[in-house]
Amino acid sequence: MEKTITIDGRDVRFKSTAATPLRYKAQFHKDFFTEVLKLAQLEKLKDIEKKKNIKIEDFEGLDFEVFYNIAWTMAKTADKDIPDPMSWLDEFDEFPMIEIVPELFGMAIASLQSKKKQMESKMKVVK
């Protein structure tokens, strides 16, 4: 799955493939799917935009680094020439998480669901 998102006035491609979880683990030494599930917490950012009932407690334990790492990994999957994560992020003056999170979360969850369906199919064959 691939998407292009405009960030800070430029089009950035993001892609999720079978190699994405391996690329993530190689770069950050953490499990991709475990980290993706943490993205769900970032959905709370939508409430900031809508000015709903926001409490500082809602964001305790929220690790924004996870988001940046997943974004970089999906961008690197789409474009092998992007630099290391810090250098890549330094290219942006703005990085609007509120707009980007739902897009990347959807792509990551689609990968997770597909993997789950494959595993269920394999289990049926074994039975």
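Note that this is a predicted model, so its numbers are computed, not measured. All values below were derived from every heavy atom in this structure, side-chain atoms included, with hydrogens, water molecules and symmetry-related copies excluded.
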Between OG1 on residue Thr20 and CE on residue Met1, distance to nearest 0.5 Å: 12.0 Å
Minimum-distance pair of heavy atoms, taken over all atoms of Phe32 and Ala108: CZ-CB, 4.4 Å
Partners passing side-chain contact (heavy atoms from CB on, under 4.5 Å) against Thr6 (at least two apart in sequence or in another chain): Asp11
4.5 Å side-chain heavy-atom contact, Leu89 and Trp72: no
Listed partners of Tyr68 passing ring-ring contact (aromatic ring centres under 6.0 Å, His included), at least two apart: Phe95
Of all pairs that satisfy salt bridge (charged side-chain N to carboxylate O under 4.0 Å, His left out), the ones with a partner from residues 69-82, not counting sequence neighbours: none
Contact summary for Phe105 and Val36, nearest pair of heavy atoms: CE1-O, 3.8 Å
Non-neighbouring partners of Glu91 that pass salt bridge (Lys or Arg N to Asp or Glu O under 4.0 Å), sequence neighbours left out: Arg10
Partner set under side-chain hydrogen bond (donor to acceptor under 3.5 Å, both in side chains) for Lys3, not counting sequence neighbours: Glu103
Separation between CG of Leu104 and OG1 of Thr73, rounded to the nearest 0.5 Å: 10.5 Å
side-chain hydrogen bond (donor to acceptor under 3.5 Å, both in side chains) partners for Asp84, two or more places apart: Ser87
Least distance between heavy atoms, Ala75 atom then Val12 atom: CB-CG1, 4.5 Å
Could you give the side-chain donor-acceptor pairs of residues 21-29 under 3.5 Å, partners two or more places apart or in another chain?
{"unit_1": "Arg23", "atom_1": "NH1", "unit_2": "Thr77", "atom_2": "OG1", "d": "2.9"}
{"unit_1": "Tyr24", "atom_1": "OH", "unit_2": "Glu35", "atom_2": "OE1", "d": "3.4"}

Euclidean distance, Glu2 CD relative to Met107 CE, rounded to 0.5 Å: 7.5 Å
